[in-house]
Amino acid sequence: MKKRVYNGMPARQLGSEGWHKPWSGGNGGSCVEAMRLADGRVALRQSTDPDGPALVYAHHAMARFIQGVKAGEADFLLARDPVQ
């Protein structure tokens with residue numbers, strides 16, 4: 001039987017192998033982990049909460065997000081003052 005993969009599913013149900021920390025740094029181990037799924041989608045989870053939810057994105061959505069980040073479109077997320 002094929003396992004249903006859905007947005008918000010417990011990340012542990014995707015298994016423990018294949019998760020990567022591409023954005024890991026000097027933050028005490030608290031980072032985002034990513035896994036490329038067999039169908040091309042991408043799952044994200046919080047490394048400190050492997051039993052928490054996995055956010056599952058279509059390949060094209062993740063590609064557009066990464067392109068936007070590289071172009072500076074997400075810089076507002078790092079601003080000290082919230083955007084009004």
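Hydrogens, waters and symmetry mates play no part in the numbers below; they use all other heavy atoms, side chains included. The chain is numbered in sequence order, starting from 1.
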(message) Could you check whether any side-chain N or O of Ser47 sits under 3.5 Å from a backbone N or O of Cys31, counting only pairs where one atom can act as donor and the other as acceptor?
(response) yes

(request) Determine whether Val42 and Leu37 make a side-chain contact, defined as any pair of heavy atoms from C-beta on separated by less than 4.5 Å. (result) no

(message) Can you confirm whether Glu73 sits close enough to Arg64 that some side-chain heavy atom of one is under 4.5 Å from a side-chain heavy atom of the other?
(response) yes

(request) Identify the heavy atoms of Pro50 and Ala11 that sit nearest to each other, and give their distance. (result) O-CB, 3.4 Å

(message) Show, in sequence, the C-alpha distance, side-chain angles and deciding distance for Leu55 and Asn7, and conclude whether the side chain to side chain contact (heavy atoms under 4.5 Å, CB included) test is met.
(response) CA-CA 5 Å; Leu55 300 177; Asn7 201 24; 3.8 Å; yes

(request) Check side-chain hydrogen bond (donor to acceptor under 3.5 Å, both in side chains) between Gln13 and all other residues, then give those that pass, not counting sequence neighbours. (result)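 Partners of Gln13 under the side-chain hydrogen bond (donor to acceptor under 3.5 Å, both in side chains) test: none.
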
(message) I'd like to check the side-chain hydrogen bond (donor to acceptor under 3.5 Å, both in side chains) partners of Asp51; sequence neighbours left out, ordered by chain and number.
(response) Arg12

(message) Between Trp19 and Val32, is there shared hydrophobic-cluster membership here, with clusters defined by ILVMFWY side-chain heavy atoms closer than 4.5 Å?
(response)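 No, separate clusters.
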
(message) Taking Leu14 as the starting point, is it possible to reach Tyr6 by hopping between hydrophobic residues whose side chains are less than 4.5 Å apart?
(response)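 Yes, Tyr6 connects to Leu14 through the hydrophobic network.
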
(request) Begin from the C-alpha positions of Leu44 and Met62 and carry the test side chain to side chain contact (heavy atoms under 4.5 Å, CB included) through to its verdict. (result) CA-CA 10 Å; Leu44 301 177; Met62 185 56 62; 3.8 Å; yes

(message) Working note: Gln46 + Glu33, criterion side chain to side chain contact (heavy atoms under 4.5 Å, CB included); need CA distance, chi angles, decisive distance, verdict.
(response) CA-CA 6 Å; Gln46 175 61 35; Glu33 293 181 315; over 6 Å; no

(message) Just verifying a value: how many Å separate Ser16 OG and Met35 CE, rounded to the nearest 0.5 Å?
(response)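 Interatomic distance, Ser16 OG to Met35 CE, rounded to 0.5 Å: 8.0 Å.
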
(request) With rounding to the nearest 0.5 Å, note down the distance linking NZ in Lys21 to CZ in Arg45. (result) 8.5 Å

